[in-house]
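Structure first, commentary second.
When reading the values below, keep in mind they use all heavy atoms of this one structure, side chains included, and skip hydrogens, waters and symmetry mates. Protein chains get the first letters and strands the later ones, always in sequence-line order, with residue 1 at the start of each.
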There are 2 protein chains.
Amino acid sequence: MTGIDDVARAAGVSAATVSRALSGRGRISDATRVRVRAAAAELGYVVSSAASSLATGRTANIGVVVPLLDRWFFANVLDGIASRLAPRGYDITLYSMSDDPDQRAGVLDVSLRRGRVDGLIVLSLALSENEVDRLLSLGLPIVGLGATSGRLPVLRVDDSALARLATEHLLGLGHRRIAHIGFSLDGDPGFDIPSLRRHGFDAAMTDAGVATPLFAPADFTIDDGHRAAGALLDAADPPTAIFAASDEMAFGALFAARERGLDVPRDLSVIGVDGHEMSGFFGLTTIAQFPHAQGERAGEAVLRAIEEGTDAADQTLPFELVRRSSTAPPG
Amino acid sequence: MTGIDDVARAAGVSAATVSRALSGRGRISDATRVRVRAAAAELGYVVSSAASSLATGRTANIGVVVPLLDRWFFANVLDGIASRLAPRGYDITLYSMSDDPDQRAGVLDVSLRRGRVDGLIVLSLALSENEVDRLLSLGLPIVGLGATSGRLPVLRVDDSALARLATEHLLGLGHRRIAHIGFSLDGDPGFDIPSLRRHGFDAAMTDAGVATPLFAPADFTIDDGHRAAGALLDAADPPTAIFAASDEMAFGALFAARERGLDVPRDLSVIGVDGHEMSGFFGLTTIAQFPHAQGERAGEAVLRAIEEGTDAADQTLPFELVRRSSTAPPG
DNA sequence: CTGAAAGCGCTTACAG
DNA sequence: CTGAAAGCGCTTACAG
């Protein structure tokens, strides 16, 4: 690889001048800048990231901490993030956190401490207080996307209000036997997205005078939504409506209904959350939340925090009821 | 952040010894190693990636070059890659390449030349010969996943054979008016996946004595598959079967059929490619190709190439016809 | 505006 | 087995 000295030689200047010409920092004459840049382009010279990071402390790289790479929602958010960072010259390094404690420790205590990133975007993870401490101890600008800790700057939809909106849509249609499909954590910290959605659902049901709402846990995949919905539909007194905490689980519910010869919405109403690209094809009523735009905002927020040296401000993200053919009054 | 000197002081040794104790390279007594590691753990010390990279030339980071982050297929491959690299201590930096020439140049000539990665996995991109040259000039171990250039080591399914299998499945059921939905590139290099699939389709049709097979271009999304299938179905003499080059496009075709009141498979047979997580729910017959496992193999292949200093060997990946209810003899 | 030199935080021959 | 020192390739005060 050609180095800074090669360029310096070619342009007839010192390495210091090459550095200034290429970075745009420090005073330099126009003529020199042009000459140096031409030489660099000619030689295909690009500043070494390791050397530059070591000297400046900046990496031009953002870490994105994700729970699951293979969900539609996260892939979309990631794409949104990338669309904002790439044009600004930032790369993205992925850190995926599973449920395994050792794996999580590896990410929090080792990988993230290698100093590879200038800032962090943390996607909708349920973090323990202790894990939040360890994130904060990195001393890096952080933006949370989705409910996390209250101690991290966060961009989020009001998941409780979102769940209330979905639930009240079903209640307003006249449903009373409404089941919620979502996730329940052990030692539920109450701050994570699935919990907030469940709380919003419970609150709306309680307000409507329904004491013990139906609930079935599922892990946000189509398969598990399918399984959970199947169990609800096969029970003695099945629900007339299902509020699934994600569109993918709602798709699973639609398939479960179809397999049982149930007509949607006559025999069963289904509402999801996300605004998945396929929801329109399924005629699925959903609460759309625009993950790509969320990613864009998160990308902008970390860059701002890094460049201005300030903490990112909390932001409330929009959501919106999209009525389609999967919900109707109980038949 | 605590540095190597802090650990050296705490353990009562030199920085050189700390380095050896932590890396496991070079001779060191067991007692010292244990003492140094304890001190490092105590202080939460982790080697700085920039400093270490600069000194060794190794980054413990792999670049993954992707065309689209938001397709199910790529998200799955990425997850497979991550599952192999993370346990070996490698991070993943993402480089997404669009169709925009400037953006591509930015990735090939700038981002990838910053020296941030030890090796590269290039996912099913259609690269020009010139772009391949630029990739090779990086002097990095590279593994292609999916058809690329012939000049890069590549793991791939035989896309032509795969397309032939799909087409012959439909021919074997008695179909003759079969349409293919896929992608067609300008100045088609002939090596990219969509072209190979189309060629396989054309060849199988020709062998079966069908001279001018039907074709509709689409960009591998559900939406575009839906649009393309709609156009085919609305034509004067619609096909009795559709072979879509991805499951997502096949889903779009199923939706298009449903909207027109067509029964699948009685009025229309549909076959896809991928083995998408939803294909079972749709009863979609498909050629499964196991993207997660492909990602795992690609991850292992780059690591091997890096650690053994050899070029990765080409590998042929498996695929498999999965018969479901979306294909049957023409009604 | 430009250059010489120190320094960023590690690693690794080289001695001992 | 362990330490002192040079060096990895840049950047940036400090002089001029």
Side-chain angles (χ1 to χ4, degrees), chain A residues 1-37 39-40 43-61 89 110-118 138-139, chain B residues 1-37 39-40 43-61 89 91 110-111 113-118 138-139:
Chain A
M1 282 287 99
T2 79
I4 199 172
D5 290 326
D6 298 311
V7 180
R9 213 168 300 123
V13 296
S14 70
T17 298
V18 173
S19 178
R20 284 188 281 254
L22 263 27
S23 71
R25 281 184 292 272
R27 321 229 116 269
I28 191 171
S29 76
D30 286 345
T32 307
R33 183 187 306 108
V34 168
R35 190 152 38 91
V36 171
R37 292 200 171 183
L43 296 171
Y45 170 73
V46 174
V47 172
S48 148
S49 116
S52 180
S53 302
L54 187 56
T56 63
R58 278 171 275 112
T59 64
N61 191 31
V110 183
S111 303
L112 289 177
R113 299 185 76 86
R114 285 201 266 246
R116 217 192 273 284
V117 302
D118 290 338
L138 295 170
Chain B
M1 281 285 99
T2 78
I4 198 171
D5 289 326
D6 299 311
V7 179
R9 213 168 299 123
V13 296
S14 70
T17 298
V18 173
S19 178
R20 284 189 280 254
L22 262 28
S23 72
R25 280 185 293 273
R27 321 230 116 268
I28 192 171
S29 76
D30 286 346
T32 307
R33 182 187 308 107
V34 169
R35 189 152 38 88
V36 171
R37 293 200 170 183
L43 295 171
Y45 171 74
V46 174
V47 172
S48 147
S49 115
S52 179
S53 301
L54 188 57
T56 63
R58 277 171 273 112
T59 64
N61 192 30
D91 292 337
V110 184
S111 304
R113 299 185 76 87
R114 284 202 266 247
R116 217 192 274 284
V117 302
D118 290 338
L138 295 171

With rounding to whole Å, what would you report as the distance between C:dC10 and C:dC14 at their P atoms? 24 Å

Gap in Å between the two C1' atoms, one belonging to C:dT12 and one to C:dG16, rounded: 16 Å

Which atom of B:A15 lies closest to which atom of B:I4, heavy atoms considered: O-CD1, 3.5 Å

Respond yes when some side-chain nitrogen or oxygen of A:T32 is under 4.0 Å from OP1 or OP2 of C:dT2, and no when none is. yes

Nearest 0.5 angstrom please: B:S48 OG to A:L54 CG, how far? 6.0 Å

Is the closest side-chain heavy-atom distance between A:R113 and A:L138 below 4.5 Å? yes

Please determine which of B:V47, B:V7, B:T32 meets the side-chain contact (heavy atoms from CB on, under 4.5 Å) test together with B:V18. B:V7

Just how far, in rounded Å, is P of D:dC8 from CD1 of A:I4? 14 Å

Base-paired stems that DNA chain D participates in, counting runs of 3 or more Watson-Crick or G-U pairs under 3.5 Å: C:1-3 with D:14-16, C:5-12 with D:5-12, C:14-16 with D:1-3

N/O (side chain, B:S48) to phosphate O (OP1/OP2, C:dC10) under 4.0 Å: no

Taking 4.0 Å as the cut-off, does a side-chain nitrogen or oxygen of A:R58 come that near to OP1 or OP2 on D:dT12? yes

Can you see whether A:S52 engages A:S49 through a side-chain donor-acceptor pair at a distance of less than 3.5 angstrom? no

Rounded to the nearest 0.5 Å, how far apart are CZ of A:R114 and OG of B:S53? 9.5 Å

Taking only side-chain nitrogens and oxygens of A:Y45, does any of them come within less than 4.0 Å of OP1 or OP2 of D:dG9? no

Using the 3.5 Å cut-off, write out each protein N or O paired with an N or O of nucleotides 3-6 of chain C and the distance between them.
residue, atom, partner, partner atom, Å
C:dG3, OP2, A:S14, N, 3.0
C:dG3, OP2, A:S14, OG, 3.0
C:dG3, OP2, A:T17, OG1, 2.5
C:dG3, N7, A:R20, NH2, 2.6
C:dG3, O6, A:R20, NH1, 3.2
C:dG3, O6, A:R20, NH2, 3.4

Per the under-4.0 Å heavy-atom filter, residues of residues 22-31 of chain B near DNA chain D come out as B:R27, B:I28, B:S29

Tell me: CZ of A:R116 to P of C:dG9, nearest whole Å? 17 Å

Rounded to whole angstroms, how far apart are CG on B:L54 and P on C:dT12? 12 Å

Using only side-chain N and O atoms of A:T56, determine if any of them is under 4.0 Å from OP1 or OP2 of D:dT11. no

